[in-house]
Amino acid sequence: MIKRISLTAALVASAFTLGACSELPQTVVAAKKGDEKAYIAADNKYVEKGWTSGDPVTWEKQLKLRSQGQDDYVKAK
Amino acid sequence: MARMKFICDSERCIECNGCVTACKNEHEVPWGVNRRRVVTINDGVIGAEKSISVACMHCSDAPCMAVCPVDCFYRTDEGVVLHDKDICIGCGYCSYACPFGAPQFPSAGTFGLRGKMDKCTFCAGGPEKNGTQAEFEKYGRNRLSEGKLPACAEMCSTKALIGGDGDVVADIFRNRVVKRQSNGKAAGANVFGWGTAYGKPQQAPGKKS
């Protein structure tokens, strides 16, 4: 009886001690946040008029129109 | 979908540093960090002095993205290369990889500690909610989501620096080149600064034109 108890105790102890030898997975997963789309209007009072927030078509149109401000030949017409 | 690009016309840049100032002011960039800067070659040589404004070029195959050990970079649908400062560890690998010297590191503090990387965002902010204070504090203004273009390009007095959808930008620049050519000025590769950067094509030895 005493033999059996000591054997069980030895098994439990070895299970615990050998458990420390195991290796935990160490995969690095960067917790990247998803960025909002650029055509979602900024949460401030500086948003230009002439396009609708959430609508990529009107947003692109707005940017293209604004880009023309960089063309002197268009401005000088 | 628009594909955002910058181009700087070396024939027009007058080294005024207006773009640098506009960027610093718009994003409240700290001392020691220059998201944009003007590079001049042949300084003082009459007729040969050329300047261009340089910042992150938002590469299609960005080396900074490739080398980042914590994968903090991402590309938006518009082709703008951005990064997440909450993931960045400030190691500086991106700085070595970037051919334009775009990644900047704030060195504030008594021991000049190197902080998290900072760079041009094409005025597109970062992963925080568009136009919020949290986004502004980490990445600066998000002008794209305000329906505007980058402050540097819009502030350029000679319109040497152009920014926006690549197709539109290319059209504007092409139009200039054609006008210059029709006025008898250098055009084509010369206007792009190819000859300045890589030298004029040399005649093969023994060949006569």
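Every chain is numbered from 1, with letters handed out A, B, ... down the list of sequences. Every value quoted in this text rests on a predicted model; they were computed, and no experiment measured them.
- The contact between A:Lys37 and chain B is made by backbone and side chain atoms together, counting heavy-atom distances below 4.5 Å.
- A cation-pi arrangement is present between B:Arg141 and A:Tyr46, with the terminal nitrogen or guanidinium carbon under 6.0 Å from the aromatic centre and inside a 45° cone about the axis.
- Here the CG-CG distance, from B:Asn142 to A:Asn44, works out to 8.5 Å after rounding to the nearest 0.5 Å.
- Residues meeting the ring pair (Phe, Tyr, Trp, His ring centres under 6.0 Å) test with A:Tyr39, sequence neighbours left out: none.
- Here the shortest heavy-atom pairing between B:Gly147 and A:Arg66 reads O-CD, 3.5 Å.
- For B:Arg12 and A:Asp72, the salt-bridge test passes: some basic side-chain N is under 4.0 Å from an acidic carboxylate O.
- A distance-only check finds a donor-acceptor pair linking the side chain of A:Trp59 to the backbone of B:Leu144 [under 3.5 Å].
- Among B:Arg176, B:Lys159, B:Lys148, the residue making the largest number of heavy-atom pairs under 4.5 Å with chain A is B:Lys148.
- Side-chain contact check for B:Val169 versus A:Ser67: every heavy-atom pair is 4.5 Å or farther apart.
- Heavy-atom pairs under 4.5 Å with chain B were tallied for A:Glu48, A:Gln70, A:Glu36; the largest tally goes to A:Gln70.
- Contacts of B:Arg143 with chain A are made by side-chain atoms alone, with heavy-atom separations under 4.5 Å and no backbone atom involved.
- Only the backbone of B:Leu161 comes within contact range of chain A, with at least one heavy atom under 4.5 Å from a heavy atom of that chain.
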**Request:** Output, in order, the C-alpha distance, side-chain angles, deciding distance and verdict of side-chain contact (heavy atoms from CB on, under 4.5 Å) for B:Ser145 and A:Ile40.
**Result:** CA-CA 6 Å; B:Ser145 69; A:Ile40 307 289; over 6 Å; no

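- One finds the OH atom of B:Tyr139 at 9.0 Å from the CG atom of A:Asp35 (value rounded to the nearest 0.5 Å).
- Of all residues spanning residues 119-135 of chain B, those with a heavy atom less than 4.5 Å away from chain A's heavy atoms are B:Gly126, B:Pro127, B:Glu128, B:Lys129, B:Asn130, B:Gly131, B:Thr132, arranged by number.
- Between B:Asp165 and A:Leu63, every side-chain heavy-atom pair lies at or beyond the 4.5 Å cut-off.
- Residues of residues 59-66 of chain B having a heavy atom under 4.5 Å from any heavy atom of chain A: none.
- Applying the ring pair (Phe, Tyr, Trp, His ring centres under 6.0 Å) rule to B:Tyr74 yields no partners; only residues at least two apart in sequence or on another chain are considered.
- Between A:Ala42 and B:Glu146 the shortest heavy-atom distance is CB-CG, 3.7 Å.
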